[in-house]
Protein chains: 2
Amino acid sequence: MKQAVKANREQQSEEILKHNKLSVTDSRKFILAFFLQQKGAISHGDIEKKAADRFDRVTIYRTLQTFVDRGLVHTIPTADNSIRYALCKDDCGKGEHHDHHIHFICDKCRQTFCLDDVVTPEIRLPRGYSAGHVEVVVEGVCKDCR
Amino acid sequence: MKQAVKANREQQSEEILKHNKLSVTDSRKFILAFFLQQKGAISHGDIEKKAADRFDRVTIYRTLQTFVDRGLVHTIPTADNSIRYALCKDDCGKGEHHDHHIHFICDKCRQTFCLDDVVTPEIRLPRGYSAGHVEVVVEGVCKDCR
DNA sequence: CTTAAAAAAGCAACAATGTTGCAAAAAGCC
DNA sequence: GGCTTTTTGCAACATTGTTGCTTTTTTAAG
């Protein structure tokens with residue numbers, strides 16, 4: 001049963017890669033499947049632990065970079081100097097990101113979530129400043145930990 | 001003339017340190033004066049460059065950590081893996097931070113500013129989530145670069 | 001001003017994280 | 001299958017951050 005779910009994620013990963021005109025390789029399938037399995041955002045370290053020597057560290061860095069470049073994942077800023085990555089939703093697609101959603105970091109489980117349903121608010125800036133991207137990170141307790 | 005301004009910042013730094021019951025040392029005065037001089041937020045690297053071997057790298061790390069612990073400065077999350085620090089305003093004070101303001105990163109000069117007058121908006125979270133701290137980072141073009 | 005206790009700085013060594021160049025291997029394509 | 005392009009693995013290196021310990025500086029008290 002669980003085997004079937006995993007196989008499905010592998011299948012799904014392969015389709016996503018092809019759809020984005022990326023070569024289908026073991027590491028990319030593995031990392032993408034990890035993203036699909038994961039509810040929250042993940043870091044390079046998370047992948048390295050999970051992969052456990054199946055791939056070179058450098059490969060993981062490069063794969064993540066490729067995914068970011070192609071708009072498959074986006075980065076989430078954190079205060080503790082560890083870049084986290086999360087899968088982009090369909091509406092991100094090629095080129096620009098439309099990640100209007102906010103990010104949530106749980107103080108207890110330390111997981112990072114994309115709250116896709118919560119839209120970033122309009123920010124009124126002082127005269128002279130023009131806004132591009134707005135990033136909102138909320139820290140608190142998630143629904144599983146409360 | 002400029003000499004006087006600099007001397008004044010040194011003086012001011014010393015007062016802040018004493019007010020926070022911290023020993024007055026060269027490195028602390030230097031780093032605090034740098035914060036006072038700077039409009040935006042600064043990183044460990046910025047200080048290291050500015051200090052140019054006057055202090056050990058470790059001392060800078062520890063000084064920054066002390067300042068954060070004592071509530072003199074706060075950290076700002078960024079997407080590019082470099083922790084940035086900014087001076088806290090008076091209302092932060094001892095213990096908890098009240099940095100309700102948002103942060104602004106200029107795409108052109110890459111400086112980070114605290115927009116003290118812009119208050120973080122209320123965020124309506126999905127059922128089950130409870131919010132603690134809310135961090136808003138806006139990227140765009142600052143008033144000096146437009 | 002001198003001095004003893006406390007705090008901070010400097011040094012060295014280490015750990016973690018991220019980057020680059022290049023040769024070998026795998027994927028894509030006819 | 002064979003050829004071209006892309007990706008991987010490896011090694012070496014750069015940057016960033018941490019820890020333990022000794023020396024120096026600061027503080028506070030006489």
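Naming convention: chains lettered A, B, ... in sequence-line order (proteins, then strands); numbering from 1 in each chain.
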Check whether any side-chain heavy atom of [X] sits under 4.5 Å from a side-chain heavy atom of [Y], and report yes or no.
X: B/Leu17; Y: B/Thr25; result: no
X: A/Glu48; Y: A/Arg57; result: yes
X: B/Asn20; Y: B/Phe67; result: no
X: A/Phe55; Y: A/Asp26; result: yes
X: A/Lys50; Y: A/Gln38; result: no
X: A/Arg9; Y: A/Gln11; result: no
X: A/Glu135; Y: B/Glu135; result: no

ask   = Using a heavy-atom cut-off of 4.0 Å to chain A, what are the terminal contacting nucleotides of DNA chain C, in 5' to 3' order?
value =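 On DNA chain C, the outermost contacted nucleotides are C/dT17 to C/dG28.
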key: Aromatic contact, A/His74 with A/His133 (centres under 6.0 Å)   =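 Centroid separation for A/His74 and A/His133: 6.0 Å or greater.
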task = Using the heavy-atom set of chain B and a strict 4.0 Å cut-off, write down the first and last nucleotide of DNA chain D that makes it in, 5' to 3'.
result =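 Contact span on the strand: D/dT16 to D/dT27.
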5'-most by nearest nucleotide on DNA chain C - B/Arg54 or B/Ser23 =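 Its nearest nucleotide being more 5', the pick is B/Ser23.
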inquiry  = Using a 4.0 Å cut-off on heavy atoms, which residues in residues 59-67 of chain A reach DNA chain C? List them by number, or say none.
reply    =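 By residue number: A/Tyr61, A/Arg62.
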inquiry  = Categorize A/Val24 for me: base, sugar-phosphate, or nothing, with a 4.0 angstrom heavy-atom threshold over every strand shown.
reply    =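 Sugar-phosphate: the residue A/Val24, judged by heavy atoms under 4.0 Å, touches backbone atoms but no base.
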message = Judged by each residue's nearest nucleotide on DNA chain D, which is more toward the 5′ side, A/Arg57 or A/Ser27?
response =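 With A/Ser27 and A/Arg57 compared, the 5'-side residue is A/Ser27.
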inquiry  = Under a 3.5 Å cutoff, is there a donor and acceptor pairing between the side chains of B/Glu15 and B/His19?
reply    =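 Their side chains do not contain a donor-acceptor pair, so the 3.5 Å distance test is not met.
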query = Which class fits the ring pair A/Phe30 and A/Phe34: parallel under 30°, tilted 30 to 60°, perpendicular over 60°?
reply =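 It falls in the tilted class, 30° to 60°.
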